[in-house]
Protein chains: 2
Amino acid sequence: MRAQTATTADDAGRLKGRIRRRQEGAMLKAAEKVFARAGFQGATMAEIADLAGVPKATLHYYFGSKEELYRAVLDNILTLWLAETESITADADPATALTAYVRAKMRLSARRPDASRVFANEIVHGATHIGEYLRTELRKTVEARAAVIDQWAAEGRILPVDATHLFFTIWAATQTYADFESQVCAVIGKPRLSASDHERACAHVLTVVLRTCGLPCAGDHLRQVAPPPANTTH
Amino acid sequence: MRAQTATTADDAGRLKGRIRRRQEGAMLKAAEKVFARAGFQGATMAEIADLAGVPKATLHYYFGSKEELYRAVLDNILTLWLAETESITADADPATALTAYVRAKMRLSARRPDASRVFANEIVHGATHIGEYLRTELRKTVEARAAVIDQWAAEGRILPVDATHLFFTIWAATQTYADFESQVCAVIGKPRLSASDHERACAHVLTVVLRTCGLPCAGDHLRQVAPPPANTTH
DNA sequence: GTCTATAGACGGATAGAC
DNA sequence: GTCTATCCGTCTATAGAC
């Protein structure tokens with residue numbers, strides 16, 4: 001995917017790589033923000049250009065069309081996504097591996113919310129630009145990681161769980177703090193999510209994932225052993 | 001909110017309610033589908049009109065503007081959302097109440113995915129049209145239900161859990177099957193989600209929610225008592 | 001009340017000066 | 001390589017016939 005964009009760029013200015021990269025980065029960053037806020041159709045090249053501090057025509061010179069710019073933004077995000085699935089391996093400790101994965105996803109939601117939102121927008125509207133990638137790369141990755149989780153369960157190291165759907169749940173639970181941030185803020189009554197809000201959210205999601213797998217999580221030892229005998233005074 | 005739209009309609013044709021309702025419903029249904037697929041800006045009045053089987057101008061006659069039509073669609077969805085939060089009460093059985101709530105949310109994702117997608121799109125892009133509703137109605141509702149869950153925990157009927165964030169997780173985990181359906185389909189390698197796919201998804205989400213609360217769920221009794229002593233042969 | 005025909009605004013893309 | 005000025009298509013909204 002990346003290659004497409006790079007080819008166009010190389011054709012025009014093969015030798016001027018140093019400065020080109022800088023401006024290209026600024027434009028991609030601006031595009032990510034505007035696409036996140038307004039969606040593909042809602043975003044305007046003029047707004048992206050203004051935010052990047054370049055004239056509108058420069059955007060077209062670098063990326064050819066609005067469509068190609070959008071693809072370039074999505075490419076950036078997807079490589080980011082792919083880079084964090086590495087902790088889940090057959091010989092890893094389940095609790096450690098899952099904790100690392102959830103933490104990585106939560107960090108991404110906190111630090112690159114716009115990237116998550118562009119991706120979310122693309123999927124909600126049918127994944128017309130990246131459907132092929134999802135059906136190949138992403139599917140293969142999930143199948144491999146799900147097999148690991150199935151193996152953990154077969155070995156009795158975690159409770160049995162639908163591994164593929166567990167990924168859907170982890171993605172949903174973590175990305176909601178980026179994609180649906182405005183709803184989360186509205187409900188907890190704050191204008192923005194603070195660092196401690198994110199920590200609390202992260203601790204909660206870890207609790208959900210670890211308890212789902214029957215693994216102990218911080219502060220659970222005391223109570224995990226006493227399941228609900230209806231009424232324990234109060 | 002509903003009142004706004006109703007007022008506009010009443011002004012123009014107070015006595016012709018019977019037929020009006022029918023056409024209005026068709027237009028709202030068409031609008032929901034088109035807004036879901038293309039977002040607010042991507043949707044065109046012409047496409048909505050075609051799908052509803054009326055001329056473009058009729059849309060404007062009924063709803064005034066694209067913006068008002070969008071608000072009307074959102075209104076419909078929000079009343080739908082609100083209607084299902086009733087199972088969670090202090091004297092209900094936690095397992096029964098949570099199961100009913102999750103099932104209701106999953107059913108909505110399966111039956112009205114477009115409604116969910118329009119809502120998701122609105123939130124991802126900052127909830128500019130319904131922010132006020134979220135900060136008032138939704139917030140109040142969540143606070144009340146979260147208090148119930150806190151009480152259950154205080155009484156020892158469920159494990160302690162961050163009640164507010166539990167709602168975020170339930171919404172995310174259930175709505176992902178509507179909003180991110182294209183991603184789910186791509187990963188499991190099917191063009192559409194079948195009824196049995198939805199059942200499997202529902203069972204999984206129930207497992208996640210019930211285990212998170214320390215409640216038994218179907219098929220767990222045998223294993224719940226035996227947490228991971230590292231290596232149980234295999 | 002309903003629809004056709006059109007006005008008016010806007011945004012993507014590009015020609016051509018520098 | 002960079003930017004200004006402009007073209008052309010598209011979309012919302014409405015005027016006015018029926």
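Numbers restart at 1 for each chain; the letters A, B, ... are given by sequence-line order, proteins then strands. Quick caveat: nothing in here was measured; it's all calculated off a predicted structure.
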**Report entry** Which residues share a side-chain contact (heavy atoms from CB on, under 4.5 Å) with A/T164, sequence neighbours left out
**Finding:** A/V142, A/A146, A/D162, A/F168, B/V187, B/I188
Query raised in the report: Is the centre of the B/H204 ring less than 6.0 Å from the centre of the B/Y177 ring?
Result: no
Query raised in the report: Taking CG from B/L69 and C1' from D/dA13, how many angstroms apart are they, rounded to a whole number?
Result: 14 Å
Report task. Please name all residues satisfying side-chain contact (heavy atoms from CB on, under 4.5 Å) with A/L108, sequence neighbours left out, ordered by chain then number. Result -> A/L80, A/W81, A/E84
Query raised in the report: Which residues satisfy the side-chain contact (heavy atoms from CB on, under 4.5 Å) test with A/A110, sequence neighbours excluded?
Result: A/H198
Report task. For B/A57, enumerate each residue passing the side-chain contact (heavy atoms from CB on, under 4.5 Å) test, keeping only those at least two apart in sequence or located in another chain. Result -> none
Report summary line: Whole-Å distance, A/L59 CG to D/dT4 C1', equals 15 Å
**Report entry** Of all pairs that satisfy salt bridge (Lys or Arg N to Asp or Glu O under 4.0 Å), the ones with a partner from residues 34-63 of chain A, not counting sequence neighbours
**Finding:** none
Query raised in the report: Over how many whole Å does the gap from B/E24 atom CD to C/dG1 atom C1' extend?
Result: 15 Å
Report task. Give a yes/no answer on whether the side chain of A/T58 brings an N or O atom under 4.0 Å of OP1 or OP2 in D/dC3. Result -> yes
Query raised in the report: What is the per-nucleotide protein-contact pattern of nucleotides 11-16 of chain C, from the 5' end, where B denotes a base atom under 4.0 Å from a protein heavy atom, S denotes such proximity for sugar-phosphate atoms only, and - denotes neither?
Result: SBBB--
Requested in this report: Check the distance between D/dT12's C1' and B/F63's CZ and give it to me in whole angstrom.
Outcome: 16 Å
